[in-house]
K.L.:
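I'd like to ask you about the structure that follows.
Residue numbers count from 1 along this sequence. Reckoned from all heavy atoms, side chains included, excluding hydrogens, waters and symmetry mates.
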Amino acid sequence: MSGNRLDVALLAAGHARSRSHARRIIEEGRARVNGRTAVKASTPVADGALLEVVDVPDGIEFASRAAHKLAGALEALALDPAGRLCLDAGASTGGFTDVLLRRGAAAVIAVDIGNEQLAEHVRRDPRVTVRDGTSVRDLTPELLGTTVDLVVADLSFISLRTVVPALAGIVRADGELLLMVKPQFEVGRAALPRSGVVSSAADRTAAVCGVAAAAAQAGLLTQAVGPSELPGQDGNREYFLHLRPCGATSALDAQACDMIESAVRGDGPRRRRDQHTTEED
């Protein structure tokens, strides 16, 4: 035996960007040692063992686990970023930006309050404009120098309700938004269990409805709702809201509430019933 743990061996072999990335690969069941799946980071790896990572999109690992969430939501809710100017709010290491680029986005503005977090292969893509050290709350067309076709958001430790007005202000009249709602950051500290997991379906529904209601007040209509294919922090269930500008502020309507309740129940993605779309069974 070499004495190397599997996570260390994956990093040394160039299959992972960091030990934490290696552990994520292992947890997702994508690591192979001599052709067999290995599910523990501490698994010892013998000298000369064949190490592989499977299910690598386009031959390059996504910039983060969150990328898989957005990829699933784009498929489930039938959104196509190809050819569009996009903004990634809360870009962090660039998982969402990575997906948008691979789906053919014309350009992506990656916004984050932090600095220099983007994965290198994302940062060096000429289609990416990096706006580090920028609060999503402060976004305006003047600050960006443009409005955008598609906004995606993955924010932590902040309620989406506080940033929806800013996001509504930077999307074009015919544009779209796809926001990932994390109930653990929407219910408030008093309502969050010590485990950090929002286990109550009623609380999760209220969390998503709260964001959708804030969006309605900002002139955005809920077009569709879908659960994330992967759980979030500590196993929290998360949800995607697909929104469009509607030209007027309003209260949250009954159909949006029904879509949210259905998604939280686990019925899968739901779309608004109107002359353009039909609700999926």
K.L.:
Does Asp174 come within less than 4.0 Å of Arg172, counting only side-chain N to carboxylate O?
P.N.:
no
K.L.:
Tell me, please, which residues at least two apart from Arg244 pass salt bridge (charged side-chain N to carboxylate O under 4.0 Å, His left out).
P.N.:
Glu176
K.L.:
Is the side chain of Arg131 donor-acceptor paired with the backbone N or O of Leu143 at a distance under 3.5 Å, no angle test?
P.N.:
yes
K.L.:
Given a cutoff of under 4.5 Å between side-chain heavy atoms of I, L, V, M, F, W and Y, with clusters grown through shared members, what are the other residues clustered with Leu192?
P.N.:
Val187, Val198
K.L.:
Show every donor-acceptor pair shorter than 3.5 Å between a side-chain atom in residues 85-95 and any protein atom, with sequence neighbours excluded, or say none if there are none.
P.N.:
residue	atom	partner	partner atom	Å
Asp88	OD2	Thr97	N	3.1
Asp88	OD2	Thr97	OG1	2.7
Thr93	OG1	Ala63	O	3.4

K.L.:
Under 4.5 Å side-chain heavy-atom separation, chaining through any Ile, Leu, Val, Met, Phe, Trp or Tyr, what else clusters with Ile113? Say none if it is isolated.
P.N.:
none
K.L.:
Can you find a pair of side-chain heavy atoms, one from Arg102 and one from Val99, that are under 4.5 Å apart?
P.N.:
no
K.L.:
Would you say the side chain of Arg237 lies within less than 4.5 Å of the side chain of Pro183, judging by non-hydrogen atoms?
P.N.:
no
K.L.:
Using the side chain to side chain contact (heavy atoms under 4.5 Å, CB included) definition, which of the options Val148, Leu179, Leu243 pairs with Leu167?
P.N.:
Leu179
K.L.:
By salt bridge (charged side-chain N to carboxylate O under 4.0 Å, His left out), which residues pair with Arg137, not counting sequence neighbours?
P.N.:
none
K.L.:
Return yes if a side-chain donor-acceptor contact under 3.5 Å exists between Glu186 and Ser159, otherwise no.
P.N.:
yes
K.L.:
Going by an N to O cut-off under 4.0 Å, is there a salt bridge joining Arg103 and Glu75?
P.N.:
yes
K.L.:
For Arg30 and Glu27, indicate whether the former's side chain and the latter's backbone hold a donor-acceptor pair under 3.5 Å.
P.N.:
no
K.L.:
Please check this pair: side chain of Asn236 against backbone of Gly196, looking for a donor-acceptor N/O pair closer than 3.5 Å.
P.N.:
yes
K.L.:
Salt bridge or not between Glu238 and Lys69? Use side-chain N to carboxylate O under 4.0 Å.
P.N.:
yes
K.L.:
Taking the side chain from Asn34 and the backbone from Leu50, do they hold a donor-acceptor pair closer than 3.5 Å?
P.N.:
yes
K.L.:
Just checking, is any N or O donor in the side chain of Arg5 or Thr43 under 3.5 Å from an acceptor N or O on the other one?
P.N.:
no
K.L.:
Provide the full list of ring-ring contact (aromatic ring centres under 6.0 Å, His included) pairs with a residue in residues 159-214, sequence neighbours left out, each pair given once.
P.N.:
Phe157-Phe185
K.L.:
Which heavy-atom pair separates Val225 from Met259 by the least distance, and what is that distance?
P.N.:
CG2-CB, 4.0 Å
K.L.:
Check whether any side-chain N or O of Arg161 sits under 3.5 Å from a backbone N or O of Val211 as a donor-acceptor pair, and report yes or no.
P.N.:
no
K.L.:
Are Asp7 and Arg24 close enough for a salt bridge, meaning some N to O gap below 4.0 Å?
P.N.:
no
K.L.:
Are Leu150 and Leu79 packed together at the side-chain level, in the sense that at least one heavy-atom pair is separated by less than 4.5 angstrom?
P.N.:
yes
K.L.:
Any side-chain heavy atom of Leu74 within less than 4.5 Å of one from Asp80?
P.N.:
no
